[in-house]
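To start, the structure itself, in structure tokens.
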Amino acid sequence: LVCRADELNDGDRRVVSCDGVEVGVFKVDGQFVAWHNECPHREGPVCQGRIYQRVVEPIAGDGTVRTLAYDERVTNIVCSWHGYEFDLKTGINQGSDKIRLRKAKLEEKDGNIYVAV
């Protein structure tokens, strides 16, 4: 048991130990997702990283970048060890779709959120 479903608002997370394995549970755009708290790069605690909208760099006609913008459709988490970024809904790395977070089993039952590994 992680928590009651109504305890997590959009953008919230809980990192729990499930039989000695850490799992991060997130609520993103009204949807619950769960990932193993282990970055595929160097096994850092990715689920404890910073959460923000995907950063994009609008390129001007002359090829320069003058500002950063955010893509409101994609919520990322960044591993605090080496900066690898992952889409929180899909677990896919922003640089390569071959690098991804490992999904944990999540179940919502009777208003509660449960995970298993």
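In this text, all values refer to a predicted model and were calculated from it rather than measured experimentally.
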Report the distance from atom [atom1] of [X] to atom [atom2] of [Y], rounding to the nearest 0.5 Å.
| X | Y | atom1 | atom2 | result |
| --- | --- | --- | --- | --- |
| Asn76 | Asp71 | CG | CG | 9.0 Å |
| Leu1 | Lys109 | CG | NZ | 12.0 Å |
| Arg73 | Gln53 | CZ | CD | 11.0 Å |
| Asp62 | Thr64 | CG | OG1 | 3.5 Å |
| His36 | Cys18 | NE2 | SG | 8.5 Å |

Subject >> Check ion pair Arg54-Glu85 (N to O, under 4.0 angstrom) >> reply: no
**OP:** State whether Asp87 and Lys89 are salt-bridged, where the test is any N-O pair (Lys NZ or Arg NE/NH1/NH2 against Asp/Glu carboxylate O) under 4.0 Å.
**Re:**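 So Asp87 does not pair with Lys89 through a salt bridge.
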Just wondering, do [Y] and [X] contact through their side chains at under 4.5 Å, heavy atoms?
| X | Y | result |
| --- | --- | --- |
| Tyr84 | Ile99 | yes |
| Glu22 | Glu38 | no |
| Val78 | Tyr52 | yes |
| Arg42 | His82 | yes |
| Val117 | Lys105 | no |
| Val28 | Asp10 | no |
| Phe32 | Ile113 | yes |
| Phe86 | Trp35 | no |

Starting from [Y], can I reach [X] by hopping between I/L/V/M/F/W/Y residues whose side chains sit under 4.5 Å apart?
| X | Y | value |
| --- | --- | --- |
| Val33 | Ile77 | yes |
| Val25 | Val15 | no |
| Val46 | Leu88 | yes |
| Phe26 | Val23 | no |
| Leu8 | Val16 | yes |

Answer yes or no: does atom [atom1] of [X] have more than 12 heavy-atom neighbours from other residues, nucleotides or ligands under 6.0 Å?
| X | atom1 | answer |
| --- | --- | --- |
| Arg4 | CZ | yes |
| Arg102 | CZ | no |
| Glu43 | CD | no |
| Asp6 | CG | yes |
| Tyr70 | OH | no |
| Gln31 | CD | yes |

Original post:
Is there a donor-acceptor pair under 3.5 Å between the side chain of Arg13 and the backbone N or O of Cys47?
Top reply: yes
**OP:** Would you confirm whether Asn9, through its side chain, and Asp12, through its main-chain N or O, come within 3.5 Å as a donor-acceptor pair?
**Re:** no
Subject >> Closest non-hydrogen atom pair between Pro40 and Leu101, with its separation >> reply: CD-CD2, 3.9 Å
